[in-house]
> 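Handing you a structure now.
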Amino acid sequence: MPASPTPSDRDGRYSRPDASMSLLTSVMDHGLDEGYAEAAKARAGEGPRRMPTALKGKAVLALGLALATAVVTVGAVTSRQAAPTLAKERDALVQRVKDANGNTDHLQQQIQDLRGKVDRAQSQALQADGNGALAQLAGRAGTAAVDGPGLKLVLEDASGTGAGGSVSDPRQADGFSNTGRLKDRDIQLVVNGLWRSGAEAVSVNGQRLTELSAIRAAGDAVLVDNRPLVPPYTVLAIGDGAKFAQTFQDGEAGRYLKLIQDGYGIKSTLTVQKKLTVPGALGITLRYAQPDTSGAATP
């Protein structure tokens, strides 16, 4: 009796069981197609290609290398040629700066000499009145130098920022930095304390203080009559020697100076001097009034 046909035989879409098993066995034994395997083997044997093989690619590569070489060569030659020129320009600029500094020093020396001549001429003119009243007036006004006993106060910034202070400390005011650097208000309080203690003449770093003087700040710099000062600040005051110094230390300014010294590390040194010379103020002209003796009637 003939064998009955399988479903594969009836619809014609499947092969016989032995053919199907053969195909599955082939797929399992060979993971890649033979063509893919041969192509991969050939590529592995040749290795990676980094250089172009076509004539056009080689020409483009050669042109790029030539351009890069030309740029590097031109840059090196230009730098070598420009180096001596730059060195000459630098030397010339340095020389100009030195010449300008020399001219400035020379002019400053001339100014000092002229100021000395003006002071001597002014002193001679003031002494010419006979009784020396104008000389005394010039000393009080600050236009002439004053000699006599007094005290020397040296103020220096602290090495670091301190801590402390009190409610009555002016450094607690708005916009005032609590640091170990001396401020314009510190100098103001010290100078006002010297005036209250009986000072006859005061100067700060050689700048004579008059009724028109102002102690202000520009950033962290302290200005006296718009002239910037550099710490340490040396304050000279003409007064009654040791008594004058003791009055200053016992006063409000002396206590404030002790406060900022203890609280912020600011340094201060006060010494009594038997003789000091406080210079006259610059740029101030002494003017005085005289009675009108013309006899003209007043309308």
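On a predicted model such as this, the values are computed, not experimentally measured, just so you know.
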> Could you tell me if the side chain of Asp147 sits less than 4.5 Å from the side chain of Leu276, heavy atoms only?
no
> So which atom in Thr234 and which in Lys152 form the shortest heavy-atom distance, rounded to 0.1 Å?
CG2-CE, 3.8 Å
> For residues Leu270 and Ile266: do they belong to one hydrophobic cluster (side chain heavy atoms under 4.5 Å, members Ile, Leu, Val, Met, Phe, Trp, Tyr)?
yes
> May I ask you to say whether Lys258 pairs ionically with Asp262, meaning some side-chain N is under 4.0 Å from a carboxylate O?
yes
> Quick one: are Thr271 and Gln273 in side-chain contact, heavy atoms under 4.5 Å?
yes
> Under a single-linkage definition using a 4.5 Å side-chain heavy-atom cutoff for Ile, Leu, Val, Met, Phe, Trp and Tyr, are Ile215 and Leu236 assigned to the same hydrophobic cluster?
no
> Heavy-atom distance under 4.5 Å between the side chains of Thr277 and Val146, does that happen here?
no
> Under a single-linkage definition using a 4.5 Å side-chain heavy-atom cutoff for Ile, Leu, Val, Met, Phe, Trp and Tyr, are Leu189 and Ile260 assigned to the same hydrophobic cluster?
yes
> Which pair of non-hydrogen atoms, one from Ala218 and one from Leu223, has the smallest distance, and what is that distance?
CB-CD1, 3.8 Å
> Is there a path of hydrophobic side-chain contacts, each under 4.5 Å between heavy atoms, that joins Trp195 and Ile238?
no
> Considering only heavy atoms from C-beta outward, does the side chain of Val154 approach that of Tyr233 to under 4.5 Å?
no
> May I ask you to test the Lys243-Gln246 pair for a side-chain heavy-atom distance under 4.5 Å?
no
> Please report the shortest heavy-atom distance between Pro231 and Asp157, naming the atom on each side.
CG-OD2, 3.7 Å
> So if you build clusters from Ile, Leu, Val, Met, Phe, Trp, Tyr with side-chain heavy-atom gaps below 4.5 Å, do Leu151 and Val278 land together?
no
> Can you tell me how far apart CZ (Arg216) and CD1 (Ile187) are? Round to the nearest 0.5 Å.
16.0 Å
> For the atom pair OG (Ser197) and CG (Asp240), what is the distance rounded to the nearest 0.5 Å?
11.5 Å
> Which heavy atom in Leu194 sits nearest to a heavy atom in Ala237, and how many Å separate them?
CD1-CB, 4.1 Å
> If we only count heavy atoms from C-beta on, is the Arg255 to Leu259 side-chain gap below 4.5 Å?
no
> Of the non-hydrogen atoms in Phe248 and Ala253, which two are nearest, and what is the gap between them?
CE1-CB, 3.7 Å
> For a side-chain hydrogen bond (donor to acceptor under 3.5 Å, both in side chains) check, start with the C-alpha distance between Asp99 and Gln95, then their side-chain angles and the critical distance, and finish with the verdict.
CA-CA 6 Å; Asp99 294 341; Gln95 187 62 40; 3.0 Å; yes
> Sub-3.5 Å donor-acceptor pair from the side chain of Asp105 to the main-chain atoms of Gly102, do we have one?
no
> Indicate yes or no for a side-chain donor-acceptor contact from Arg208 to the backbone of Pro279 under 3.5 Å, with no hydrogens or angles considered.
yes
> Quick one: CG on Leu182 to CD on Glu156, what's the gap to the nearest 0.5 Å?
9.0 Å
> For the CG atom of Asp184 and the CG atom of Leu229, what is their distance to the nearest 0.5 Å?
11.0 Å
> Could you tell me the separation between the CG atom of Leu209 and the CG atom of Asp225, rounded to the nearest 0.5 Å?
7.0 Å
> Please report the interatomic distance CG(Leu155) to OG(Ser268), rounded to the nearest 0.5 Å.
6.0 Å
